[in-house]
Amino acid sequence: MKVTVVRAGGVAGMVLTVEVDAGELDAEATAQLTGLVDACEFPETPPAATKGRADTFDYELAVERDDGAVRRTRFGQGAAPPGADALVAWVLDGPHGHRHVGRW
Amino acid sequence: MSQKSIARVGRRGVSDVSGTLTAVISCRCEIAPPSLLLRVAERGGREARDAALRTLLTSAALRSRRTALGATLRRFGLSPADLEFLPAQAPATGPENTVYDVAGGGEEALPGRRVRGTDDPPTGDAAVDQAFDGAATTATFYREVFGRDSVDGRGLDLVSSVHFGRRYDNAFWTGDQMVYGDGGGGVFVPGGLTRSLAVIAHELTHGVTQFSAGLAYRGQSGALNESFSDVFGVLVEHRAGDVDAASASWLVGEGILEPSLGGALRNMIAPGTAYSGDDQPADMDAYADLPVDDDPRNDNGGVHINSGIPNRAFAEAARTLGGRAWETVGPVWYEVLTGGRLAPTADFAACAALTVRVAGERYGEGSAQQDAVRGGWEAVKVRLPADPR
């Protein structure tokens, strides 16, 4: 399983992409990640309450299962679907992710 | 309650509203506690709701000069712009300047605990004191250079919240207040966001834009929105340090990024060179034609990307003239932003044409200042109306 968070916008306007590959994690971290993914909802049309507000963040959260199935959701700051904030924070702030700054 | 509804209440006034409960509310704010008014606003009939909300907002405005209104307004989906019917605050005293500590909380916790007010001494918390000083410097800039009374031109209180979120790498304007994270999340150095006067002035200028041209935050109008914030963010910094346009670095947010990323958020004179991964175009030949969609990579149609083009137009014009940019080209950009002639959906060409026109009005047709403004836009290859000379 791979979990990818794209965070863009903010005063910097940077695009930060952080990817976590569960295959590289120890058992404890894998369990944490799996629990967070299972608790996260991926609505097709999440609320976009903050879209268009200057310098807030916009997010894309994608989970690719080992069978190739992908679940994806996009949302603005303050409008995360249930469970997404915790998963995004774990990926962005934890020590396990591969980080990349740049649009592509 | 809709914006249309509040506008209607504003015109009509509370005293015209009938009904026993409404009459109780309307006779004077002080007898009904805010908690009761909120319950009425949420659960009462339409007229009672209107009266209760107007009473809440009016009494809060008079008591606390709108400082505490943010949460109430957000609760009803409103912004300070919806309070235009309220009397302006006294320009002579300037806006109240208040800083709150949100202590790691999120938007639901705003504004947080009040930690410093207008007349209070420094707290010793660097984020609190920098946010306070930066807001004061920015408000002084707008008042002394352009005669503008705070963000809305009517004395709106300056409200800042610091220590937002955990290692939150951002600062933003909510529509009624400033919010600063502590940084340290891999993009900004810890404490960097409040250390940069340009960042503080950039965000407060989003408020100025909100209350003036109202540039839509998408595509070219959104890039202009971002650019005006960069322009006045830098000008506030230039004035504070008495920096000459000819020798200025034209960097926005210098020295606050993690050093591995680069030296600044943006380079106005050389867009695309501020940090590793900076993809701002330097002219229209490299314009990023991105869709306005929900993909965060597309940046609402490139608002932070293509802003490099008008940024450079301003910097080129200011550098051509030299001296104090806030006294040369700055007033032209300010008149364009606030003078009522720039449409909310304006594109680069419309903004460019207006700056040339305003420069002619201010300094004379064919003046060195107008030529410098025209030259700035020509440098970035934005199409201008033909020069009549």
Side-chain angles (χ1 to χ4, degrees), chain A residues 4-20 42-62 72-82 84-104, chain B residues 106-108 165-175 179 181 185-188 193 196 199 202-203 205-207 209-210 215-218 222 225-226 229 233 252-253 256-257 260-262 265-266 274-280 288 290 293-300 302-305 307:
Chain A
T4 305
V5 173
V6 178
R7 186 190 72 192
V11 63
M14 289 181 183
V15 180
L16 173 67
T17 303
V18 182
E19 181 182 281
V20 172
F42 292 81
E44 288 185 9
T45 311
T50 64
K51 196 71 179 169
R53 210 168 63 173
D55 288 345
T56 52
F57 284 136
D58 290 315
Y59 296 90
E60 179 184 276
L61 170 62
R72 189 187 319 272
T73 187
R74 291 169 173 167
F75 53 91
Q77 178 177 315
D85 269 340
L87 178 55
V88 165
W90 194 91
V91 171
L92 290 184
D93 297 339
H96 309 292
H98 299 284
R99 301 168 72 89
H100 167 69
V101 172
R103 207 157 304 277
W104 315 115
Chain B
E107 295 201 36
E108 73 290 347
R166 302 287 179 192
R167 300 171 66 204
Y168 182 73
D169 266 334
N170 196 21
F172 63 97
W173 166 257
T174 66
V179 181
V187 175
F188 288 95
L193 287 153
S196 171
V199 166
H202 173 107
E203 294 304 331
T205 300
H206 278 308
T209 299
Q210 171 188 330
L215 289 162
Y217 203 65
R218 59 181 181 273
N225 189 321
E226 275 299 317
S229 275
V252 180
I256 64 173
L257 288 179
S260 61
L261 289 174
L265 304 183
R266 283 176 282 281
Y275 63 89
S276 174
D278 182 359
D279 55 0
Q280 282 205 317
L290 296 168
D293 59 15
D294 65 350
D295 186 338
R297 301 169 189 82
N298 290 331
D299 188 31
N300 289 310
V303 299
H304 291 93
I305 305 169
S307 58

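Nearest heavy-atom pair, B:Leu261 versus A:Val101, reported as atom, atom and distance to 0.1 Å: CD2-CG2, 3.7 Å. Minimum interatomic distance between B:Pro296 and A:Ala8 (heavy atoms only, all atoms of both residues): O-CB, 3.1 Å. Between A:Gly10 and B:Asn170 the shortest heavy-atom distance is CA-OD1, 3.3 Å.
Proximity to chain A is limited to the side chain of B:Glu203, based on heavy atoms less than 4.5 angstrom apart. Only the side chain of B:Glu226 comes within contact range of chain A, with at least one heavy atom under 4.5 Å from a heavy atom of that chain. At a 4.5 Å heavy-atom cutoff, B:Asp278 makes no contact with chain A through either its backbone or its side chain. With a 4.5 angstrom heavy-atom cutoff, B:Ile305 touches chain A only via side-chain atoms. Heavy atoms of B:Ser276 lying under 4.5 Å from chain A belong exclusively to its backbone.
The CG atom of A:Asp58 sits 6.0 Å away from atom CG of B:Asn300, with the distance rounded to the nearest 0.5 Å. Interatomic distance, CG of B:Asn298 versus CZ of A:Arg103, reported as 8.0 Å (0.5 Å rounding). One distance of note links CG of B:Asp295 with CZ of A:Arg74; it measures 4.0 Å at 0.5 Å rounding. With rounding to the nearest 0.5 angstrom, the CE atom of A:Met14 is 6.5 Å from the CZ atom of B:Phe188. B:Arg297 contributes atom CZ, which lies 4.0 Å from atom CD of A:Glu60 (distance to the nearest 0.5 angstrom).
Side-chain contact between A:Asp55 and B:His304: present, with at least one pair of heavy atoms (C-beta onward) separated by less than 4.5 Å. In this structure the side chain of B:Leu193 reaches within 4.5 angstrom of the side chain of A:Val11, judged on heavy atoms.
Taking chain A as the reference chain and counting heavy-atom pairs below 4.5 Å, the highest number among B:Arg218, B:Gln280, B:Arg166, B:His202 is found for B:His202. Heavy-atom pairs under 4.5 Å with chain A were tallied for B:Asp169, B:Val303, B:Val199, B:Val252; the largest tally goes to B:Asp169.
Residues B:Glu107 and A:Arg53 are paired through a salt bridge, judged by an N-O separation under 4.0 Å between the basic side chain and the carboxylate.
Using a 4.5 Å heavy-atom cut-off against chain B, the contacting residues of residues 86-99 of chain A are A:Asp93, A:Arg99.
Under the rule for a ring-ring contact (aromatic ring centres under 6.0 Å, His included), the partners of A:Tyr59 that lie at least two apart in sequence or sit in another chain are A:Phe75.
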